[in-house]
Number of protein chains: 4
Amino acid sequence: MVDTSAPEATRRSERARRAIHEAALALVAEAGYRKTTIEGIAAPAGVGKQTIYRWWPSKAEVLLEAFLDLVEQHARQARNVPYEIPDTGDVAADLKAVLRATVDQLLDPRFAAPSRALAAEGLVDEQLGRRVVATLLEPQLQLYVRRLRAAQQAGQVRADVDPRIALELFVSPLAQRWLQHTGPVSHAYTDTLVDYALHGLAPR
Amino acid sequence: MVDTSAPEATRRSERARRAIHEAALALVAEAGYRKTTIEGIAAPAGVGKQTIYRWWPSKAEVLLEAFLDLVEQHARQARNVPYEIPDTGDVAADLKAVLRATVDQLLDPRFAAPSRALAAEGLVDEQLGRRVVATLLEPQLQLYVRRLRAAQQAGQVRADVDPRIALELFVSPLAQRWLQHTGPVSHAYTDTLVDYALHGLAPR
Amino acid sequence: MVDTSAPEATRRSERARRAIHEAALALVAEAGYRKTTIEGIAAPAGVGKQTIYRWWPSKAEVLLEAFLDLVEQHARQARNVPYEIPDTGDVAADLKAVLRATVDQLLDPRFAAPSRALAAEGLVDEQLGRRVVATLLEPQLQLYVRRLRAAQQAGQVRADVDPRIALELFVSPLAQRWLQHTGPVSHAYTDTLVDYALHGLAPR
Amino acid sequence: MVDTSAPEATRRSERARRAIHEAALALVAEAGYRKTTIEGIAAPAGVGKQTIYRWWPSKAEVLLEAFLDLVEQHARQARNVPYEIPDTGDVAADLKAVLRATVDQLLDPRFAAPSRALAAEGLVDEQLGRRVVATLLEPQLQLYVRRLRAAQQAGQVRADVDPRIALELFVSPLAQRWLQHTGPVSHAYTDTLVDYALHGLAPR
DNA sequence: ACTTAACCGAGACGGTACGTCGTGTCTTAAG
DNA sequence: CTTAAGACACGACGTACCGTCTCGGTTAAGT
């Protein structure tokens, strides 16, 4: 995680940073983003408010960094860093597998609350939104781009398809269902999305 | 528009309601949703705060009602009420046409600011989110469901496809790109989505 | 007490005003002026901070008004409103009597703490200082002016003496001793001051 | 100036001490005592906050020491150290002369701001007040005591008069007028005070 | 001449209070 | 009898300083 804020961070307290991360994640999970306040983070973290304002420009940036730390930490524990979508030779199976894992993660409340909050904040604050997309979302999407390119080389996906658009056919529906509660999110659903996307809606 | 709140609405001032709608939409468009406050709406509307609190439970509900009024009013001016997606016999063309119109609307700042704000608020307030989806989004999606059903009867879409899921293949990517700024939104883009969705990514 | 602050006070809460007065006086007496804070006044008064900021420009002005109320209230209980220094025909005796009463009041902690605090604040904030002098001190001094004028007419004080300066000969030493702890304050002391002032230091 | 604090002062930086004195006096003169802060002194003095906290217990003590240095330095330049009130044989003339000089000094802004600030702080912090009186005020008053004693021996002042009280008849009024702005401070005024005090208010 | 311990500038830290803003409720005066 | 205006209690904001606490880096005493 790179420091994005003002002072030179040589003397920065690592203890304080970690405590703030943990307090922020805990509060968002327990009380919700709306009821999470800077003062509410500072108090249980045993930290002065100024220590937060010194290093982060907003509540959302605190949460973004805390969440990135959390994600990175879990990835490291799962020993899948750097991660790539597996290539068994069967694109459909590989995509279904990784989307099922994504579904599982979206249903884990520890991940759901912060990412939903960050998404919401990003909708209204464009600058933050771009940071959220660039750090959280786009790296994941690039995994799909790479897997689809491999599938194109293997002849399983048409060569004239743009992978960056193609991946949206199954990723975006899942994202919208989850974010906006427009429908149930399940393994069966993502399996269906992959089938529809790969083979189309029109009869052959 | 149906009254959603407690008091008997017989004596309700129509003048105040309109003024509140207009002030809310203007503020959200000019200052952004974050800087829009109940007091900030009441003042230019020439209305006491209590008049807002009496009829709406939250800032978001004010905006939702104001935006629904705006949408309804525009639809009435365009004389396309009740609206259906045209059926020229060519599904692909029909879908592309309606999606191009949607793109145009998404790029109109009078619509963009409030709907983005309502979407954001809905992510974090689930109850509001369900109201937003039910009143703003789902009616539009049902238009696609009906058009896809017709296409199924015409043999242009496989009969075993679930239209409610199928529509997400082109609607959700557009929604995500627009909401999260994950990519450019254009007529070419939605055309591509329709092509990919109808004919699939895999070679025939 | 005349309202000196911004809003039109017709809707002002008398309950809040009294509670603020009492809390301010109590805090200054118990904790001292330095440890008295606006928040510290608001809390026990059961009042929002804004209610204080709405009506008073500073902590010192709150205390000034509270203290004026206290003084006025005590004067009304003692039924000596409007007050004049008695005229028994013996200036020396009359001055000694009223100064002894002043000494007693200066030693009463309920009066001592606030007036010392207001004096201190007035030294550093000239505008406040002038208000403190005009409302608390000068009215008292005018009593001496009138009594000395009467003494001049009775031939007990030289006609060419300026009463406004003359009164300072016994009032200012007492004030300084009390304020700056430059010496003990007692009935004997003020008696001596009156004797010295009336008859001078030089031998006759 | 005696070190009043804990550490061994052998290694103390004289450069830092002087810079702190000057910054403190400058800030109090320019911005006022209220807006003078420890951090505000440390920065222009090119000094760490800790260097101030190491050697002084409070902002007021810094100012007291700085002001004592200033006074001492000026006295040394005027070559009147140690100072005594002149004795020309005419008490009235001698007292008027020294009071006129005092008036001039009170009107010099370089002296006025810090001494007013120290007086104010002393009113509220009794311990500091006693230090201020003992180091700044009482030495001056003792000069009057000695001159009055001489006058008593010369038969110009009654022998039964207490000089420590007598001096207050002309010193305290001047002090109060200056500190509390209760009236104009001028040579004419102090001349009058001396005349009234020496010869009394009552007709002979 | 060489440690070595204290002071030094700098500034992050946990705190407290500031004065402001907005919330949602309650009160008042005027139409 | 309703409604605009706005005072109220409350809670959070973001800022300013407080007084304490590291951090290297001089710097002067005592070996």
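Below, chain A is the first sequence line, B the second, and so on; all start at residue 1.
Distance check: C/Leu64 CG to C/Leu128 CG gives 6.5 Å after rounding to the nearest 0.5 Å.
Rounded to an integer number of Å, the gap from CH2 of B/Trp56 to C1' of E/dG24 is 16 Å. In this structure, C/Lys59 places its NZ atom 7 Å from P of E/dC18, rounding to the nearest Å. The nearest whole Å value for the distance from the CD1 atom in D/Ile52 to the P atom in E/dG11 is 15 Å. What separates CD1 of C/Ile41 from P of E/dA17 is a distance of 12 Å, to the nearest Å. Separating the CD1 atom of B/Ile38 from the P atom of E/dC21 is a distance of 18 Å, rounded to the nearest angstrom. Between the P atom of E/dG14 and the CZ atom of A/Arg17 lies a distance of 14 Å, rounded to the nearest Å.
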Heteroatom pairs (N/O) under 3.5 angstrom, protein to nucleotides 6-10 of chain F:
| unit_1 | atom_1 | unit_2 | atom_2 | d |
| --- | --- | --- | --- | --- |
| F/dG6 | O4' | C/Arg11 | NH2 | 2.7 |
| F/dC8 | OP1 | C/Ser13 | N | 2.9 |
| F/dC8 | OP2 | C/Arg54 | NE | 3.0 |
| F/dC8 | OP2 | C/Arg54 | NH2 | 3.3 |
| F/dC8 | OP2 | C/Trp55 | NE1 | 2.7 |
| F/dA9 | OP1 | C/Arg15 | NH1 | 3.3 |
| F/dA9 | OP1 | C/Gly46 | O | 3.3 |
| F/dA9 | OP2 | C/Gly48 | N | 3.2 |
| F/dA9 | OP2 | C/Thr51 | OG1 | 2.7 |

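Within the 4.5 Å cutoff, no side-chain heavy atoms of D/Arg54 are placed close to those of D/Arg12. Residues D/Arg116 and D/Tyr33 are not in side-chain contact: their nearest non-hydrogen atoms beyond the backbone lie 4.5 Å or more apart.
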Side-chain polar contacts of residues 19-29 of chain A - donor-acceptor pairs under 3.5 angstrom, sequence neighbours left out - could you list them?
| unit_1 | atom_1 | unit_2 | atom_2 | d |
| --- | --- | --- | --- | --- |
| A/His21 | ND1 | A/Asp69 | OD2 | 3.3 |
| A/His21 | NE2 | A/Glu65 | OE2 | 2.8 |

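Closest-nucleotide positions on DNA chain E for C/Lys35 and B/Tyr53 were compared, and the one nearer the 5' end corresponds to C/Lys35.
Summarising the geometry of B/Ala119 relative to B/Leu179, their closest heavy-atom pair is CB-CD2, 3.9 Å, with the distance given to 0.1 Å.
Annotation: B/Glu14, atom CD; neighbour count of heavy atoms from other residues, nucleotides and ligands within 6.0 Å is above 12.
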